[in-house]
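Here is how names work: the chains are called A, B, and so on, in the same order as the sequence lines, proteins then strands, and each is numbered from 1. Just so you know, these numbers use all the heavy atoms, side chains as well, and skip hydrogens, waters and symmetry mates.
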Number of protein chains: 2
Amino acid sequence: MNDRLARLKNFYKKHKRLPSYSEMLKLFNLSSKNAVFKIIQKLVESGLFKKENNKLAPTSKFFALPLLGVVKAGFPILAEENRDYLTLDEYLIEDPQSSFLLKVSGDSLIGLGIFDGDIVIIERKRLATSGDIVLAQIDREWALKILKKDGIKAHLESANPKYPPFYPKQELQIFGVVKAVVRKFN
Amino acid sequence: MNDRLARLKNFYKKHKRLPSYSEMLKLFNLSSKNAVFKIIQKLVESGLFKKENNKLAPTSKFFALPLLGVVKAGFPILAEENRDYLTLDEYLIEDPQSSFLLKVSGDSLIGLGIFDGDIVIIERKRLATSGDIVLAQIDREWALKILKKDGIKAHLESANPKYPPFYPKQELQIFGVVKAVVRKFN
DNA sequence: TGACAAAGTGAACATTTGTTTACTATAATG
DNA sequence: CATTATAGTAAACAAATGTTCACTTTGTCA
């Protein structure tokens, strides 16, 4: 049954771990651990779980959502076969240890599709390339803007014609680089 | 040591599960399980893990990234104290069972900040409200557009003045609603 | 220096784990 | 129908699990 898998996903969502075989007995309404053993064996074969020295763990496929092909007016969605699987956390966050999130306010980056209320993923580092969107302190004021380097000097720009470029009077210190944006609708 | 936590995170990233106490012995270069026991106890107290009938599991805090406060030109980032923690998957995907991802192509939704190459999270359902961004089939052609309802009739619009509205000649069938967008830079 | 907490060792132990074996019930198939 | 694979039961078992106890080492701070 595929509803077994759904129960496992529910359990995982709730407990952030997989149930033990004895816990699965209750979860599946079974009364023999061997039944569970066989069920898990099939799930391992289908690539949803893996085992390493008798410890069960989910694979990425277990967490991930199917990524369908490119949508363009008139173009059909790719078939089931060439499905890719993606976990948003893994896809968006390369180095979790040095990353953090930031809620954006203001419309200074709308040109890049970063709106008020969006959340950006920032990687902590002091060096950035010209063109990067950076979290920086310019003359002691925080800003989320585009870094522009002209020779050794650097300034910040917006992605909105409403705002002029910012040239630092004293100092411009970079704290991190925006690696991704996410936006929830509704 | 905080580098213990880093090692646990590495292990989790690699194996998609927590190590057992005996595995932690090696991971921490220790030789007594009691040392491990005490270490874990502290991590439980600090809210990074939880235990339920002797089974260890991470909490959301373990996975999540800190979400800092609103950034606005001149406004400082909120202090460490009022930190929130967020997992992107949990934040963006409400119902994983009925959701899938789609890579966007085309510029028909730039007005809503959805660009070519972005990935949208779509929830499978046949009903949508006027104003929702929907994945639909209009006269047998796939489209990712804005649904507009006028009375009982419905049509699709773009978020780009370049494109005219689409009025279905025969049928307009909705397959899902866009719940979120994500975009990676570089 | 001395006192005391924090961190680690080592061994012991009841429970629980995943696996195996042998057997039965159910369903599917030609 | 008989046959054969599939799904489930029941019991037994070695190995590994998390916990506890008593003790030692290391570090901290007054």
Side-chain angles (χ1 to χ4, degrees), chain A residues 1-64 80-81 85 87 96-97, chain B residues 1-64 80-81 83 85 87 97:
Chain A
M1 285 295 188
N2 199 346
D3 114 293
R4 299 263 164 80
L5 180 57
R7 292 186 191 208
L8 286 172
K9 286 188 178 175
N10 279 341
F11 189 100
Y12 202 98
K13 188 171 187 178
K14 196 171 178 183
H15 298 89
K16 313 272 185 205
R17 64 173 177 89
L18 287 180
S20 70
Y21 283 22
S22 351
E23 285 171 317
M24 290 187 202
L25 282 184
K26 296 168 193 169
L27 200 62
F28 298 157
N29 290 319
L30 292 173
S31 47
S32 170
K33 278 207 281 182
N34 186 22
V36 171
F37 179 74
K38 288 175 182 168
I39 289 166
I40 292 300
Q41 221 169 15
K42 297 214 164 168
L43 290 172
V44 169
E45 280 166 19
S46 74
L48 283 156
F49 297 103
K50 62 181 186 316
K51 282 186 191 176
E52 32 182 32
N53 54 315
N54 289 1
K55 315 242 111 242
L56 189 66
T59 62
S60 327
K61 195 175 173 184
F62 178 77
F63 301 104
E80 294 261 335
E81 312 147 24
Y85 286 86
T87 311
Q97 310 269 14
Chain B
M1 286 295 189
N2 200 346
D3 114 293
R4 299 263 164 81
L5 181 56
R7 292 186 191 206
L8 286 172
K9 285 187 178 175
N10 279 341
F11 189 99
Y12 201 99
K13 189 170 186 177
K14 196 171 177 184
H15 299 89
K16 313 273 184 203
R17 65 173 175 88
L18 287 180
S20 68
Y21 282 22
S22 350
E23 285 172 316
M24 290 187 202
L25 282 184
K26 297 168 192 167
L27 200 61
F28 298 156
N29 290 318
L30 292 173
S31 47
S32 170
K33 277 206 281 181
N34 186 23
V36 170
F37 179 74
K38 287 175 183 169
I39 289 167
I40 292 300
Q41 221 169 15
K42 297 213 165 170
L43 290 172
V44 169
E45 280 165 20
S46 73
L48 282 157
F49 296 103
K50 62 180 188 314
K51 283 185 190 175
E52 31 180 35
N53 54 314
N54 289 0
K55 316 242 110 242
L56 189 66
T59 62
S60 328
K61 196 176 173 182
F62 177 78
F63 301 104
E80 294 261 334
E81 312 147 24
R83 262 194 190 172
Y85 286 85
T87 311
Q97 311 268 13

Closest listed nucleotide, where the reference is the side chain of A:F37 and the choices are D:dA7, D:dT9, C:dT20 = C:dT20
task = Counting heavy atoms from C-beta on, name the nucleotide in D:dA7, C:dT17, D:dA10 closest to the side chain of B:K55.
result = C:dT17
key: Any N/O donor-acceptor pair, B:S32 side-chain to C:dG8 base, under 3.5 Å   = no
ask   = Is the shortest side-chain N to carboxylate O distance from A:R17 to B:E52 below 4.0 Å?
value = yes
key: Euclidean distance, atom CG of residue B:N29 to atom P of C:dA7 [Å, nearest integer]   = 17 Å
request  = May I have the distance from B:N53 (atom CG) to D:dG18 (atom C1'), rounded to whole angstrom?
outcome  = 11 Å
note = B:Y21 has its side chain closest, among C:dT19, D:dT17, D:dG18, to D:dG18
Distance below 4.0 Å between A:S31 side-chain N/O and D:dG8 OP1 or OP2 = no
task = Could you tell me whether the side chain of B:N34 has a donor or acceptor atom within less than 3.5 Å of a complementary atom in the base of D:dT19?
result = no
query = Within the structure shown, what part of the strands sits under 4.0 Å from A:K38 by heavy-atom distance: base, sugar-phosphate, or nothing?
reply = base
query = Do the side-chain N or O atoms of A:N54 get closer than 4.0 angstrom to the phosphate oxygens (OP1, OP2) of C:dT19?
reply = yes
inquiry  = For a quick test of reading the model, state the closest non-hydrogen atom pair linking A:M24 to A:P19 and the distance between them.
reply    = CE-O, 3.1 Å
task = Starting from P on C:dT15, measure out to CD on A:E23 and report it in whole angstrom.
result = 18 Å
request  = Using whole Å, report how far CE of B:M24 lies from P of D:dT19.
outcome  = 10 Å
query = Is there a side-chain contact between B:L8 and B:F28, using heavy atoms and a 4.5 Å cut-off?
reply = yes
remark   = Separation of D:dT6 atom C1' from A:L30 atom CG, nearest Å, is 14 Å
Cation-aromatic face contact A:K33/A:Y21, 6.0 Å, 45 degrees = no
query = Rounded to the nearest Å, what distance is computed from the CD atom of residue B:E52 to the P atom of nucleotide C:dT15?
reply = 20 Å
5' precedence on DNA chain C between B:K33 and B:L25 (nearest-nucleotide basis) = B:L25
key: Atom-pair distance (CZ on B:F49; P on D:dG18), nearest Å   = 13 Å
ask   = Between B:P58 and B:F49, which heavy-atom pair has the shortest distance, and what is it?
value = CA-CD2, 3.5 Å
OP1 or OP2 of C:dA7 under 4.0 Å from side-chain N/O of B:R4 = no
message = If you assign each of B:K51 and A:I39 to its closest nucleotide in DNA chain D, which residue comes earlier from the 5' end?
response = A:I39
key: Length of the line joining B:I40:CD1 and C:dA7:P, which is rounded to integer Å   = 14 Å
